[in-house]
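Take a look at the structure set out below.
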Amino acid sequence: MAYGVHVFTALGAALGFLALKAALEGDITLCFCWLAAALLVDAADGPMARRLNVRETASRYDGATLDLVVDFITYVFVPAAILLRPEVIAPPFGLVAGLIIVIGSALYFADTTMKTHDWWFRGFPAVWNVVVFYIVVFKLPSIMTLAICAVLAALMFLPVVFVHPVRVRRWRLMTMAILGVWAAASASALWQGLAPDAITKAALLLSASYFLGLGFLRDEGE
């Protein structure tokens with residue numbers, strides 16, 4: 001069962017590959033559906049691994065390394081590839097943004113100080129799947145999209161913190177509730193073919209504001 005958790009984690013790479021195929025074919029909605037499935041795998045495999053103590057019972061494979069490999073595919077590489085689609089961002093802005101994302105994120109994923117002792121992310125946590133999802137949903141201009149990608153890439157290396165919605169204990173109930181709102185709004189946006197109504201957009205904006213702003217409430221001594 002413990003080795004099965006590793007296989008389950010690796011399934012995320014297959015989902016990322018399917019997402020990339022959909023992006024290359026121009027089906028951005030299907031692409032994000034596959035990325036959403038990969039996100040569910042990523043959310044579930046950690047608790048499963050800790051429950052079965054895979055570090056000891058399935059030690060041939062390093063679960064942390066495997067998780068990083070899969071995350072780079074689904075959080076970074078595929079979202080960067082989406083930006084190559086001309087209907088998302090006009091060329092050559094998509095190529096430039098994609099290069100910024102993959103280079104910066106490769107360095108960030110190798111950062112040994114990526115997380116604080118209390119499980120906050122130190123720097124922007126490279127959740128480009130979410131960022132590109134917002135770019136597509138809100139149909140942002142190319143220059144604004146490139147600027148957002150550049151700023152967030154810079155934030156990966158600056159002394160700012162972002163909440164890990166599952167592992168940070170402070171405000172966990174509120175954070176999980178907002179995460180549920182975000183998940184429901186995201187599902188609604190996918191159901192509406194990435195052209196959601198005003199209520200869905202408002203829910204996405206409010207939940208994003210909560211997660212972006214929460215880091216300002218963390219005491220430096222925590």
Side-chain angles (χ1 to χ4, degrees), residues 1-24 30-84 98-133 149 152-153 155-157 161-169 172 175-176 179 182-183 186-187 190 211:
M1 289 181 66
Y3 279 105
V5 175
H6 288 316
V7 175
F8 181 69
T9 300
L11 176 63
L15 294 170
F17 186 75
L18 291 171
L20 179 61
K21 178 178 181 292
L24 293 175
L30 179 59
C31 176
F32 278 113
C33 286
W34 288 123
L35 289 179
L39 192 61
L40 292 175
V41 170
D42 187 46
D45 65 352
M48 292 167 60
R50 287 187 288 274
R51 182 177 182 84
L52 294 174
N53 191 24
V54 298
R55 183 172 296 180
E56 302 295 333
T57 56
S59 59
R60 176 175 177 177
Y61 301 106
D62 187 332
T65 300
L66 176 60
D67 193 60
L68 284 176
V69 170
V70 174
D71 284 354
F72 193 84
I73 294 171
T74 58
Y75 282 67
V76 178
F77 195 81
V78 175
I82 294 173
L83 294 179
L84 295 175
L99 290 172
I100 290 172
I101 287 171
V102 296
I103 293 172
S105 299
L107 292 170
Y108 181 76
F109 271 52
D111 189 349
T112 57
T113 63
M114 182 193 297
K115 294 187 179 73
T116 66
H117 68 278
D118 53 347
W119 295 104
W120 291 74
F121 288 107
R122 185 178 282 110
F124 173 68
V127 285
W128 296 106
N129 50 348
V130 176
V131 174
V132 175
F133 178 75
C149 292
L152 291 177
L155 285 176
M156 288 192 288
F157 308 101
V161 293
F162 291 81
V163 67
H164 189 306
V166 177
R167 305 202 71 176
V168 172
R169 293 184 179 181
R172 179 178 286 175
T175 299
M176 293 302 293
L179 183 62
W182 176 83
S186 298
L190 288 172
F211 287 113

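Start at 1 with the first residue, then count along the sequence. The figures here come from the full heavy-atom set of this structure, side chains too, leaving out hydrogens, waters and symmetry mates.
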- Please, which pairs that meet salt bridge (charged side-chain N to carboxylate O under 4.0 Å, His left out) have at least one residue in residues 7-24, sequence neighbours excluded? Lys21-Glu25
- Message: Tell me every residue that passes side chain to side chain donor-acceptor pair (under 3.5 Å) with Thr65, counting only those two or more places apart in sequence or in another chain.
- Response: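 Per chain and number, Thr65 pairs via side chain to side chain donor-acceptor pair (under 3.5 Å) with Asp62.
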Is it the case that over 12 heavy atoms from other parts of the model lie below 6.0 angstrom from the [atom1] atom of [X]?
X: Phe121; atom1: CZ; result: yes
X: Arg172; atom1: CZ; result: yes
X: Arg55; atom1: CZ; result: no

- Backbone N or O of Leu52 within a donor-acceptor pair of the Thr57 side chain at under 3.5 Å? yes
- Quick one: does Arg122's side chain have a donor or acceptor within less than 3.5 Å of a partner on Met114's backbone? no
- Item | Residues that Val130 engages under side-chain contact (heavy atoms from CB on, under 4.5 Å), provided they are two or more places apart |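 Val130: side-chain contact (heavy atoms from CB on, under 4.5 Å) contacts with Val127, Tyr134, Trp182.
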- Contacts of type side-chain contact (heavy atoms from CB on, under 4.5 Å), residue Pro165, not counting sequence neighbours: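 side-chain contact (heavy atoms from CB on, under 4.5 Å) check on Pro165 returns Thr175, Leu179, Phe211.
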[X] to [Y] - nearest heavy-atom pair and separation:
X: Ile100; Y: Ala153; result: CG2-CB, 3.5 Å
X: Ala126; Y: Ser105; result: CB-OG, 4.0 Å
X: Tyr108; Y: Pro125; result: OH-CA, 3.6 Å
X: Trp119; Y: His164; result: O-CB, 3.2 Å
X: Leu190; Y: Ala36; result: CD1-CB, 4.5 Å

- Please list all pairs passing the side chain to side chain donor-acceptor pair (under 3.5 Å) test where one or both residues lie in residues 66-82, with sequence neighbours left out.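 Residue pairs with at least one partner in residues 66-82: Asp42-Tyr75.
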- Given Ile101 and Phe77, is the side-chain contact (heavy atoms from CB on, under 4.5 Å) satisfied, shown in steps? CA-CA 8 Å; Ile101 287 171; Phe77 195 81; over 6 Å; no
Less than 4.5 Å apart, any side-chain heavy atom of [X] and any of [Y]?
X: Val131; Y: Phe124; result: yes
X: Phe133; Y: Trp128; result: no
X: Trp120; Y: Lys115; result: no

Distance, nearest 0.5 Å, that separates [atom1] of [X] from [atom2] of [Y]:
X: Phe72; Y: Leu68; atom1: CZ; atom2: CG; answer: 10.5 Å
X: Asn129; Y: Phe32; atom1: CG; atom2: CZ; answer: 8.0 Å
X: Leu35; Y: Leu18; atom1: CG; atom2: CG; answer: 10.0 Å

- Message: What verdict does the side-chain contact (heavy atoms from CB on, under 4.5 Å) test give for Leu83 and Cys149, after you've listed the backbone C-alpha separation in whole Å, the side-chain angles of each residue and the deciding distance to 0.1 Å?
- Response: CA-CA 11 Å; Leu83 294 179; Cys149 292; 4.2 Å; yes
Acceptor/donor pairs from residues 1-16 side chains to any protein atom, 3.5 angstrom cut, sequence neighbours excluded:
residue : atom : partner : partner atom : Å
His6    : NE2  : Ala58   : O            : 3.1
His6    : NE2  : Tyr61   : O            : 3.4
Thr9    : OG1  : Val5    : O            : 3.1
Thr9    : OG1  : Asp45   : OD2          : 2.9

